2 protein chains.
Amino acid sequence: MKRKITLKQIARELDVSISTVSKALRNSAEISDDTKQKVQAFAKLYNYKPNNIALSLKNRRTNTIGIIIPEIVHHFFSKVISGVELVANKRGYNVIIGLSNESFAKEVINMEMLANGSIDGFVLSMSKETLKLQDYHHINETMTQGMPIVMFDRVVSDLRCDKVIVDDFNGAKKAVKKLIENGCKSIALITTEDYVSVGKLRTQGYLEALDEHTMTPKAELILKIDESLDYEAHLEELEKEIEQLFQSNPTLDGVFAVNEIYALLAMKVARKLGLNVPNDVQVIGFTDGVLSKHATPSLTTVSQHAQQMGEKAAELLIDKLESEFNSADEEFQTVVITTDLIERESTK
Amino acid sequence: MKRKITLKQIARELDVSISTVSKALRNSAEISDDTKQKVQAFAKLYNYKPNNIALSLKNRRTNTIGIIIPEIVHHFFSKVISGVELVANKRGYNVIIGLSNESFAKEVINMEMLANGSIDGFVLSMSKETLKLQDYHHINETMTQGMPIVMFDRVVSDLRCDKVIVDDFNGAKKAVKKLIENGCKSIALITTEDYVSVGKLRTQGYLEALDEHTMTPKAELILKIDESLDYEAHLEELEKEIEQLFQSNPTLDGVFAVNEIYALLAMKVARKLGLNVPNDVQVIGFTDGVLSKHATPSLTTVSQHAQQMGEKAAELLIDKLESEFNSADEEFQTVVITTDLIERESTK
DNA sequence: TTTTAACACGAAAACGTTTTCGTGACTTTC
DNA sequence: GAAAGTCACGAAAACGTTTTCGTGTTAAAA
């Protein structure tokens, strides 16, 4: 088990100084061609590669960016990572991940762990708990120490940093308008509690669309799912709630759901109640995950372009990292990724 | 934008030596209580945290593990990462990801990038291209340099390292036996080309199950999908192939597919041909992804316990890292994660 | 009083780089 | 033949730690 070879070892072996080796490898004009050749050949033979850690220490930059997300087993987030990784690699950066599991404490710990020199900057999406507690001290402290942060999707507008967000409001509005144009008269909304900014905006889009068509929103058509019975764990209760929604609104002919699972469940309930999708009731979801594409009938959704979000976030971060001179001007951008309505079989 | 504070700065500020500060913070007995208190208070005030990079350089270990996977937008792989991250964090390690996108070149580049000091060891699953080319020099070189590797899922048995694999053979066998016991007489297999070890083993399991029930396999019941038309991109062609399979085998009453997509497509085709699942034809897939759970009818699958694989792989790796003394004995384990058959609506 | 021991701290090396600044040996120039 | 310039290389500092080994001061023991 031989260790990796270092400059020092090459120097000793070739009976020159460390400086000479270093310069020879970087093709410095200071070194004679003879020596260069000798050194380079030797280095190649022993497969010398400079030690990243030593470089990081010397340069005070790691060429690594950290990404903090609530969970990774999730089509949207993994797609974002994919985008981040793509541009990071293209620009010579590595990506290190931290999962918060929607927990405030884990988010803080993870960030502190990475902020101590391991990375040059963060791309992050906040955990639900953090959003609920509205405690952003860890974010602020990190930024104060000169470490740039780019937030995406689950952002909070007060924080002074770059942001990449989805056009939740217009995405939702577009979807609901589509339902209306397709002839729906009684459109339900299945959404989350309001503290997740994303859910709130989508709700507003729903209301706005109704308003523009002079339809009055009815409280009984809006179902807010308690986050505590998050999907996977409590699918059946969730289904019951949605069934109840259908039963107490017999005229229901359209559903807009803020995520895939809610939409799929709505279709399932409809089928169970003998309703045909899309003939009796049309359904639109949010997030272009695998479920929408492979469901039967396949689901019309609002596509978020997650990969593009990741790419943009990484670009913003790296741009900031590489223009380090502007310590003063400090201007932050918010990039909005537009949504597309992908029409499939669940709408007419 | 103030930089993070260092030992040197604290030392200068408090007019003591760097050594004293370091020792005081680590509560060394060499330092008087007076000085300790002073130093610790100051450090706390300025939120001192030791610089990870400097520590890594000094200790020659980064407490970071690298994970190389073919893609991340994939339920199985993201679940594995989730498992790796879980135990890594529990044991004080960070996780850095590298995506190969199923490309040999990217796999090599990524590994070289990380192997130069950034990480202490690898968890990896090989790209299809690497498996096809059978070029493992990068793996061997990395191991020669004393960097441990744990492979999972897509492994190659010749390589001398720890491995974590799924019991593909028995998983497949169990599934097919289930179909047989449920009364299927004509069972199709939808699989991949053989060079992906995983596909090969599942095929063998299928054959073995038939054999044990003295059923003779028929070539026309085995559909090998060409990898080049991998899912997502060529869904329609794929569907046609499967439809052809159904039509040229009218007595078909069972399907075992080596992944979710193939299984879902089989159900779709069956429905299209007026066949009821599970009454006319029963279907079992492989991989416990989201699709299986949320499909209609929901899909009976062989569960791979991806998260558990990740956890186990990380444990093996960290165990090896932390027992560094055994440079000689070099014994490697192969852990087999057993599969479970999760019965849902697509079987009787 | 002298020797010894305990105490509290500092200097310096080491981890592996890059880079600045010398410096000795030649070569050129007048 | 002396001054100046070029060439090829080495010493050392710096990045931020930890740790080993002094060392000067004071208190206890002889």
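Please read these numbers as outputs of a predicted model, since none were measured by experiment. Here is how names work: the chains are called A, B, and so on, in the same order as the sequence lines, proteins then strands, and each is numbered from 1.
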Query raised in the report: Looking at Val39(B), Thr20(B), Leu25(B), which hits side-chain contact (heavy atoms from CB on, under 4.5 Å) with Ile31(B)?
Result: Thr20(B)
Report summary line: Sorted by chain and residue number, the side chain to side chain contact (heavy atoms under 4.5 Å, CB included) partners of Ser100(B) (sequence neighbours excluded) come out as Pro70(B), Glu107(B), Ser127(B)
Report task. Not counting sequence neighbours, which residues clear ring pair (Phe, Tyr, Trp, His ring centres under 6.0 Å) with Phe76(A)? List them please. Result -> none
Query - Nucleic acid contacts of residues 110-119 of chain B, taken as heavy-atom distances under 4.0 Å to DNA chain C - result: none
Requested in this report: Would you indicate, yes or no, if dC15(C) has its OP1 or OP2 atom less than 4.0 angstrom from a side-chain nitrogen or oxygen of Arg61(B)?
Outcome: no
Query raised in the report: OH of Tyr48(A) versus C1' of dG16(C): gap in Å, rounded?
Result: 7 Å
Requested in this report: Indicate, with a heavy-atom threshold strictly under 4.0 Å, whether Leu55(A) touches base, sugar-phosphate, or nothing.
Outcome: sugar-phosphate
Query raised in the report: What pairs with Ile109(A) under side chain to side chain contact (heavy atoms under 4.5 Å, CB included), at least two apart in sequence or on another chain?
Result: none
Query raised in the report: In whole angstrom, what separates Leu57(B)'s CG from dT18(C)'s P?
Result: 13 Å
Query raised in the report: Which pairs, with at least one residue in residues 120-152 of chain B and sequence neighbours excluded, count as a ring-ring contact (aromatic ring centres under 6.0 Å, His included)?
Result: Phe104(B)-His138(B)
Query raised in the report: Who pairs with Tyr93(B) by ring pair (Phe, Tyr, Trp, His ring centres under 6.0 Å), at least two apart in sequence or on another chain?
Result: none
Report task. Provide, to the nearest angstrom, the distance between the CZ atom belonging to Arg60(B) and the C1' atom belonging to dG16(C). Result -> 10 Å
Query raised in the report: Tell me the salt bridge (charged side-chain N to carboxylate O under 4.0 Å, His left out) pairs involving residues 29-57 of chain A, sequence neighbours left out?
Result: Lys23(A)-Glu30(A)
**Report entry** Interatomic distance where CD1 belongs to Ile5(B) and P belongs to dT17(D) [whole Å]
**Finding:** 10 Å
Requested in this report: Examine the side chains of Glu141(B) and Gln145(B) and answer whether a donor and an acceptor come within less than 3.5 Å of each other.
Outcome: no
Give me the distances for all protein-to-nucleotides 11-14 of chain D N/O pairs that come in under 3.5 Å?
from, atom 1, to, atom 2, distance (Å)
dA11(D), N7, Ser19(A), OG, 3.2
dA11(D), N6, Ser19(A), OG, 3.1
dA12(D), N6, Ser19(A), OG, 3.4

Query raised in the report: Has Arg26(B) got a side-chain N or O lying under 4.0 Å from the OP1 or OP2 atom of dT17(D)?
Result: no
Query raised in the report: NA contact type, Ser22(B), heavy-atom cut-off 4.0 Å: base, sugar-phosphate, or nothing?
Result: base
Report task. Kindly calculate the angle separating the two end axes of the helix from dT1(C)-dA30(D) to dC30(C)-dG1(D), each obtained from five base pairs, and round it to 10 degrees. Result -> 70°
Report summary line: To the nearest angstrom, the CG-P distance between Asn52(B) and dT18(D) comes to 11 Å
Report summary line: Sorted by chain and number, sequence neighbours left out, ring pair (Phe, Tyr, Trp, His ring centres under 6.0 Å) with Tyr48(B) holds for none
Query - Minimum heavy-atom distance between Ser82(A) and Leu99(B), given as atom pair plus value - result: CA-CD1, 4.3 Å
Report task. Kindly indicate, with the supporting measurements, whether the criterion side chain to side chain contact (heavy atoms under 4.5 Å, CB included) is fulfilled by Thr6(A) and Asn51(A). Result -> CA-CA 8 Å; Thr6(A) 69; Asn51(A) 180 304; over 6 Å; no
Query raised in the report: When you measure from the side chain of Ala54(A), which nucleotide among dT18(C), dG16(C), dT17(D) comes out closest?
Result: dG16(C)
**Report entry** Exam field: side chain Glu102(A) to backbone Glu71(A), donor-acceptor pair closer than 3.5 Å
**Finding:** no
Query raised in the report: Which residues pass the salt bridge (Lys or Arg N to Asp or Glu O under 4.0 Å) test with Glu85(B), sequence neighbours left out?
Result: Lys106(A)
Atom pairs, protein N/O to nucleotides 4-7 of chain C N/O, distance under 3.5 Å:
none

Query raised in the report: Between dT17(D) atom P and Asn63(B) atom CG, what is the distance in whole Å?
Result: 16 Å
Query raised in the report: What integer distance in Å separates Lys36(A):NZ from dC7(D):C1'?
Result: 12 Å
Query raised in the report: What nucleic acid atoms does Thr35(B) come within less than 4.0 Å of, heavy atoms only: base, sugar-phosphate, or nothing?
Result: sugar-phosphate
**Report entry** Shortest non-hydrogen contact from Thr64(A) toward Ile96(A)
**Finding:** CG2-CG2, 3.8 Å
Requested in this report: Take atom CG of Asp34(A) and atom P of dC9(D), then tell me their distance rounded to the nearest Å.
Outcome: 8 Å
